[in-house]
Visitor: 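Structure in structure tokens, see below.
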Amino acid sequence: MSRLPLATTAPVAPPAPLLDRFGRVHTDLRVSLTDRCNLRCTYCMPAEGLDWLPRADVLTDDEVVRLVRVATRRLGITSVRLTGGEPLLRRGLPGLVARLAAADPAPELSLTTNGIGLARSAAALAEAGLHRVNVSLDTLRADRFAALTRRDRLADVLDGLRAARDAGLAPVKINTVPVRGVNDDEIAELAAYAVEHGYRPRFIESMPLDAQGAWDRERMVTADEILDRLGERFALVPVGRSGNAPAEEWRIAGTDTVVGVIASVTRPFCGSCDRVRLTADGQLRNCLFATEESDLRALLRGGADDAALEAAWRNTIAGKGPGHAIDSPDFRRPERPMSAIGG
Ligand code: SAM
Ligand code: SF4
């Protein structure tokens, strides 16, 4: 009787890098799973919400899995972040995570969430193969949280953070967008809370990506100001930037806590950007600020094979511009707000 060979498939050659014309290699994919949200953060969307995408326009689980498989197998994507809107609103999320975790090669899988419902789902998500989570939290004061998000849900978010940590979705990061006169007096307090509970705080400059078009540079708290506020309470030891990550990092002296500052506006990191974005309705974007998209959903639903999807993807990245130019007089806001692109 002949013996079965030990390996039944030939080793797959590593895919050609997903390169743009400035030599940037793209390895990080952000997938928006829905544009809907159960909060209404004032710097993100209006009180009445937005015109949500019709359900039929949103990619199905099968379609998301197919595109992520193309991305990891043919395009060299190594990390996938699930976002939205609020990704925990996606029905059956642990099942989708399990399917994405089974991709070959498997990406590192993370999630950005407002934390509502995370207390219920963190363990199932970790079990399904999710590695890490970022939870958005702009204030520790219940009345302020209710005003800022227009929903009285602070306790749910804090429960969600704890559940994520207990489920081993580490490091659990807290994303804060400070806004002048709203929550900028809590920067050090939020960092102290993170130190106390074993989370990693990150502060993000607000960007002109709100749906209302009300962004005001004067209300944006700059990275320098964030560092000043932190410096009043803590000694900070520079750590630098890990890889192409957008956050510059400092260790809070006397602790293991690393604090990150994402200065998208005042210290843009476009030169080392390695990100590509897929919207919930299957549009591929080469930048958060892109004004053009590539319709992968139409290709998918039109019966395109993987080679055609790969070619469309490479073509989109080839057209990526050098940077967002927020400070240029020619700056144009993208048509979609952050919540519809996937933050
Ligand atoms: N709903 C989830 C959440 O809030 O984490 C995921 C989507 S949300 C759009 C992703 C991140 O974008 C959040 O950390 C949020 O604070 C941030 N964000 C929203 N609008 C922003 C803006 N105008 N400028 C900077 N960050 C913003
Ligand atoms: Fe929803 Fe996130 Fe936007 Fe807040 S920031 S309204 S949680 S999508």
Side-chain angles (χ1 to χ4, degrees), residues 30-50 52-53 81-90 93 110-118 121 132-139 144-154 156-157 160-161 164 169 172-180 182-184 186-187 190 199-217 219-223 226 246-247 260-266 268-269 275 277-280 285 288-289 324 326 333-334 336-343:
R30 314 253 139 173
V31 180
S32 173
L33 295 179
T34 176
D35 61 334
R36 290 167 197 248
C37 193
N38 42 9
L39 296 185
R40 298 284 184 273
C41 303
T42 46
Y43 55 75
C44 184
M45 62 172 78
E48 65 275 19
L50 298 168
W52 311 125
L53 290 167
R81 175 168 294 275
L82 305 175
T83 181
E86 177 42 50
L88 292 182
L89 292 180
R90 176 108 180 183
L93 183 61
S110 55
L111 176 80
T112 297
T113 170
N114 63 27
I116 311 264
L118 190 56
S121 55
R132 292 184 294 110
V133 66
N134 290 3
V135 178
S136 300
L137 176 65
D138 297 315
T139 175
R144 196 178 266 186
F145 185 96
L148 213 157
T149 67
R150 303 184 177 106
R151 302 287 187 271
D152 189 10
R153 307 293 298 268
L154 175 64
D156 298 281
V157 179
L161 276 163
L169 294 169
V172 176
K173 294 183 184 170
I174 295 181
N175 284 352
T176 301
V177 178
V179 179
R180 193 176 313 289
V182 175
N183 62 341
D184 55 329
E186 276 190 80
I187 290 173
L190 280 156
Y199 309 133
R200 273 201 201 182
R202 305 197 319 158
F203 297 92
I204 304 170
E205 287 181 348
S206 76
M207 292 180 275
L209 286 171
D210 55 309
Q212 315 87 295
W215 182 81
D216 172 3
R217 204 189 168 103
R219 299 188 75 203
M220 175 188 75
V221 182
T222 65
I226 293 166
V261 178
I262 303 184
S264 319
V265 179
T266 62
F269 34 85
R275 293 186 176 176
R277 293 168 191 274
L278 182 65
T279 66
R285 301 176 60 91
L288 198 46
F289 292 90
H324 59 51
I326 290 176
R333 294 169 59 107
R336 290 185 197 245
M338 179 92 146
S339 59
I341 295 170

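One-based numbering, in listed order, for ligands and for the atoms of each.
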Visitor: Whether D156 and R153 form a salt bridge (side-chain N of Lys/Arg under 4.0 Å from carboxylate O of Asp/Glu) is what I want to check.
Guide: yes

Visitor: Run through R81, R132, R30, K173 and flag the one making a side-chain hydrogen bond (donor to acceptor under 3.5 Å, both in side chains) with T112.
Guide: R81

Visitor: If you measure from the Lys or Arg side-chain nitrogens to the Asp or Glu carboxylate oxygens, is any gap between D184 and R219 under 4.0 Å?
Guide: no

Visitor: Is any side-chain heavy atom of L89 less than 4.5 Å from a side-chain heavy atom of L33?
Guide: no

Visitor: Under 3.5 Å, is there a donor-acceptor pair linking the side chains of E86 and N114?
Guide: yes

Visitor: If you leave out waters, which protein N, O or S atoms are less than 2.8 Å from atom 1 (Fe) of ligand 2?
Guide: C37 SG

Visitor: In Å and rounded to the nearest 0.5 Å, what is the CG to CD1 distance from L88 to I116?
Guide: 9.5 Å

Visitor: Looking only at atom types and distance, does a side-chain atom of R200 sit under 3.5 Å from a main-chain N or O of G260, one as donor and one as acceptor?
Guide: no

Visitor: Could you list, one pair per line, each nitrogen or oxygen of ligand 1 together with any protein nitrogen or oxygen closer than 3.5 Å, giving atom names and the distance rounded to 0.1 Å?
Guide:
from     : atom 1 : to   : atom 2 : distance (Å)
ligand 1 : 1 (N)  : G85  : O      : 2.9
ligand 1 : 1 (N)  : E86  : OE1    : 3.2
ligand 1 : 4 (O)  : S136 : OG     : 3.3
ligand 1 : 5 (O)  : T113 : O      : 3.2
ligand 1 : 5 (O)  : S136 : OG     : 2.6
ligand 1 : 14 (O) : S136 : OG     : 2.8
ligand 1 : 16 (O) : Y43  : OH     : 3.0
ligand 1 : 23 (N) : Y43  : O      : 3.2
ligand 1 : 23 (N) : M207 : O      : 3.0
ligand 1 : 24 (N) : M207 : N      : 2.8

Visitor: With R202, which of V261, N175, T176 fulfils side-chain contact (heavy atoms from CB on, under 4.5 Å)?
Guide: N175

Visitor: So, T113 side chain and V135 main chain: donor-acceptor pair closer than 3.5 Å or not?
Guide: no

